[in-house]
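What follows is a short report on a single structure.
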Number of protein chains: 2
Amino acid sequence: MIYSELHNILSSKTIHLKSGQYLFTQGDSVKNIYCVNKGRIKLVRDTFEGTPILIHVAYAEESIAEASLFSKKYHCSAMAGTNTEVIVYSKDELLKILQENPESMMNLLKQLTTQVRDLRMLNETKSIYSAKEKVLTYLSTEFHRDKDSDLPLKDIAQKIGMAHETFYRTLKILENNGKIKRNKSHIKLTNL
Amino acid sequence: MIYSELHNILSSKTIHLKSGQYLFTQGDSVKNIYCVNKGRIKLVRDTFEGTPILIHVAYAEESIAEASLFSKKYHCSAMAGTNTEVIVYSKDELLKILQENPESMMNLLKQLTTQVRDLRMLNETKSIYSAKEKVLTYLSTEFHRDKDSDLPLKDIAQKIGMAHETFYRTLKILENNGKIKRNKSHIKLTNL
DNA sequence: CGAGTCGTTGAACGGAATCAATCGTCGTGG
DNA sequence: CCACGACGATTGATTCCGTTCAACGACTCG
C-alpha cells in the first residue's frame, strides 16, 4: 500500500465496514486518509443536477482521498461496496511526518508518479473499442500485475470498462484462439 | 504547468518538434523531464507482440515522463502528434532542487494528487456507455475546466473515448434538448 | 493557392450492452 | 449443521446505438 513504509512510524487503526456503509460523506472535514485493506470502496460525487456519479472504485492496497491531503473537505463520498476493511491514518500526522522526512515524501512522490502512469495506461486501454484488443492490451500491460491477480473477473471487466458478460465471452474466444491460457480465474498470455 | 513555480529556479529550454518527430525513444536514458507547451505529444509503447500501443496523449500544460523521474530508461516513446513545443528540464537538476526544497516537493505532491483525482474521474467518465450521459458527465466535472476549454472538439471526443462523429451528434442532440448551450466551440451546461 | 485538418452530416453495419436464466460457492444466521 | 440468500461465473437471445466509412464545406497555415 501507499504508506507501507510509514506504517511503523504512523499510528493507524483498522476499521470494518459492512456493504453499503459510509466511510465519509461529501463535505465532511478531512481528518483522515485511508487505505483499503480488503474489499472495495466506491467513491461517489453528488452533482448539482442530482444524479450522483461514480468517481472511482478503490480495491485492496489502494489509498483513497490522497487528493484530500491538501483540501479541507472531502469532495466526494466513500461507501463500502462490500464488506470492507480499511486502515485509517491521521491526515495531520501524515503531513507532519512527510514534512519532517524528505525521503518519505520523495517515496510518496515516486508512488504517485507510477500511479499516474498506470492510470494513463488504463485510460487508454479503455479507449479501445474492440473487446478482444482491449482485453489483450490489458493483459499485456504491467499495471495490473500482482495487484489485479486476485480480483474477481467481474471487477476486472468493470475496471477496463466493459460488461462482464462480454469479458467472459471474450476470454473464451481468446482461449479458443490459443492467445491466452487460464486455470480457474488466473489468466496468462501465451506468447512469451 | 506542473513545474511552474520552479520555473525561475530551474534552467529550462524550449524545443520545437514537427508532427511525427520523436522527443525520445523507448529505452533511452532518462536525462530530461518535459512539459508540453503547445500541441500534443503521443506516448507509445512498443510491446513484445509487435503492435505498439498508445499510452497517453499529453496536451498543453501537461508534463510527461514524471514517472521517469525515478527510472533510468524511458519505458515508452514520445512523438509529436502535430507541430509541438515542449519545455525541457534536466532530470538531475529537478531531483536535486526537490530534495533541497521540501516545500516545492510538497507542492509537486499536491499537483500529482489532483492529477490522480482527475485521471480517476476521467476514467469513470470513460466507463459510461451512453454517449449522452458520458458527455453530460464530462461537462459537469471540473477536471476539464480551463484546461480543455481550448481543445478542439475532436480531441475532447478522443479524451472521453468516443468517435468524434458521435461527439458532434451528441452535442447537437443535447443542444436541441436545451441541456447545453454553445457558441462556436465553447460549450456550457444550461442548468446552474 | 493548395494541403491539411476540423467540423458536420449521411448511411449502414456490426458488435457490445442488455435482459434473462442457470449453476456453483461461500458466508451467515437460525 | 444445514438452509437460505448473495454473489460470481457462464451462456443464450435480442436489440440498439455507437463505430465506421464516406463525402463535403470552411478555415488556417505555409
Side-chain angles (χ1 to χ4, degrees), chain A residues 16-21 38-40 42 54 57 59-60 80-85 125-138 148-177 180 182-187, chain B residues 16-21 38-40 42 57 59 80-85 125-138 148-177 180 182-187:
Chain A
H16 298 261
L17 296 173
K18 293 240 171 92
S19 180
Q21 216 174 340
K38 213 186 239 184
R40 54 171 172 267
K42 289 192 283 190
L54 182 65
V57 182
Y59 292 94
T82 177
N83 290 359
T84 304
E85 206 177 297
T125 304
K126 281 195 175 185
S127 291
I128 301 170
Y129 300 127
S130 152
K132 287 178 211 162
E133 296 269 333
K134 182 185 286 195
V135 171
L136 282 177
T137 298
Y138 167 76
D148 296 4
S149 55
D150 51 351
L151 273 191
L153 297 182
K154 204 180 180 183
D155 290 350
I156 296 181
Q158 192 191 12
K159 186 165 184 175
I160 59 178
M162 67 169 78
H164 54 279
E165 297 98 321
T166 311
F167 187 52
Y168 296 137
R169 283 188 253 264
T170 306
L171 283 180
K172 172 156 286 188
I173 292 173
L174 293 176
E175 201 176 6
N176 289 343
N177 292 3
I180 63 171
R182 60 171 174 155
N183 36 0
K184 275 299 162 200
S185 64
H186 203 69
I187 314 161
Chain B
H16 298 263
L17 296 172
K18 295 238 170 95
S19 181
Q21 215 175 341
K38 216 185 236 186
R40 54 170 172 268
K42 288 193 282 189
V57 181
Y59 292 95
T82 177
N83 289 359
T84 304
E85 204 177 301
T125 303
K126 281 195 175 184
S127 291
I128 301 171
Y129 300 127
S130 154
K132 289 178 210 161
E133 297 268 333
K134 182 184 284 195
V135 171
L136 282 177
T137 298
Y138 167 76
D148 296 3
S149 55
D150 51 350
L151 274 190
L153 296 182
K154 205 180 180 184
D155 290 349
I156 295 182
Q158 191 191 13
K159 187 165 186 176
I160 60 178
M162 65 169 81
H164 53 280
E165 297 98 322
T166 311
F167 188 51
Y168 297 138
R169 284 187 251 264
T170 306
L171 283 180
K172 172 155 286 189
I173 293 173
L174 293 177
E175 202 176 6
N176 290 341
N177 292 3
I180 63 171
R182 60 170 173 155
N183 36 359
K184 277 297 163 202
S185 66
H186 202 69
I187 314 162

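All values below were derived from every heavy atom in this structure, side-chain atoms included, with hydrogens, water molecules and symmetry-related copies excluded. Source: prediction; values computed, not measured. A, B, ... follow the sequence lines: proteins, then strands. Residue 1 opens every chain.
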Terminal helix-axis angle for the helix from C/dC1-D/dG30 to C/dG30-D/dC1, with five pairs defining each axis and rounding to 10 degrees: 60°
B/K134 and B/T166: CA distance, side-chain angles, deciding distance, side-chain contact (heavy atoms from CB on, under 4.5 Å) verdict: CA-CA 11 Å; B/K134 182 184 284 195; B/T166 311; over 6 Å; no
How many Å lie between NZ on A/K18 and P on C/dT28, as a whole number? 9 Å
Set out, in order, the CA-CA distance, both residues' side-chain angles and the distance that settles side-chain contact (heavy atoms from CB on, under 4.5 Å) for B/L153 and B/R182, then state yes or no. CA-CA 12 Å; B/L153 296 182; B/R182 60 170 173 155; 3.8 Å; yes
Between CG on residue B/N177 and NZ on residue B/K172, distance to nearest 0.5 Å: 13.0 Å
Hey, which of these two, B/N83 or B/S130, hits DNA chain D nearer its 5' end, going by closest nucleotide? B/S130
Using the closest heavy atom to pick a nucleotide of DNA chain C for each, name whichever of B/R182 or A/F167 lands nearer the 5' end. B/R182
Does B/T82 reach a base, just sugar-phosphate, or nothing at all? Heavy atoms under 4.0 Å. nothing
Interatomic spacing from CE in A/M162 to OH in A/Y129 - rounded to 0.5 Å: 14.0 Å
Figure out the CD/C1' separation between A/E175 and D/dA9, and round it to whole Å. 13 Å
Polar atom pairs between nucleotides 18-25 of chain C and protein, under 3.5 Å, N or O only, would you list them?
from, atom 1, to, atom 2, distance (Å)
C/dT18, O4, A/R169, NH2, 3.0
C/dC19, N4, A/E165, OE2, 3.0

Main-chain N/O of B/S19 paired to B/N83 side chain as donor or acceptor, under 3.5 Å: yes
List every contact pair, protein side and nucleotides 4-8 of chain D side both N or O, where the distance is under 3.5 Å.
from, atom 1, to, atom 2, distance (Å)
D/dG8, OP1, A/R40, NH2, 3.4
D/dG8, OP2, A/K154, NZ, 2.7

Would you kindly give the CE-to-P distance between B/M162 and C/dA16, to the nearest whole Å? 17 Å
Atom-pair distance (NZ on A/K38; C1' on C/dC26), nearest Å: 14 Å
Nearest 0.5 Å, what's the OH-CD1 distance between A/Y59 and A/I156? 9.0 Å
Residue among A/T84, A/D155, A/T82 satisfying side-chain hydrogen bond (donor to acceptor under 3.5 Å, both in side chains) with A/R40: A/D155
Here the distance between atom P of C/dA17 and atom NZ of B/K126, to the nearest Å, is 15 Å
Separation of B/Y138 OH from B/I187 CD1 (nearest 0.5 Å): 7.0 Å
Integer-rounded Å distance: D/dC29 P and B/H16 NE2: 16 Å
Given atom NZ of B/K134 and atom P of D/dC17, what is their separation to the nearest angstrom? 15 Å
Could you state the CD1-C1' distance from B/I128 to C/dA17, rounded to the nearest angstrom? 15 Å
Give, for atom OG1 of A/T125 and atom CD1 of A/I160, the distance between the pair rounded to the nearest 0.5 Å. 8.0 Å
side-chain contact (heavy atoms from CB on, under 4.5 Å) for A/Y168 and A/K154? Distances and angles first, verdict last. CA-CA 9 Å; A/Y168 296 137; A/K154 204 180 180 183; 4.0 Å; yes
Kindly indicate whether the side chain of A/K126, heavy atoms from C-beta on, has any atom under 4.5 Å from the side chain of B/S127. yes
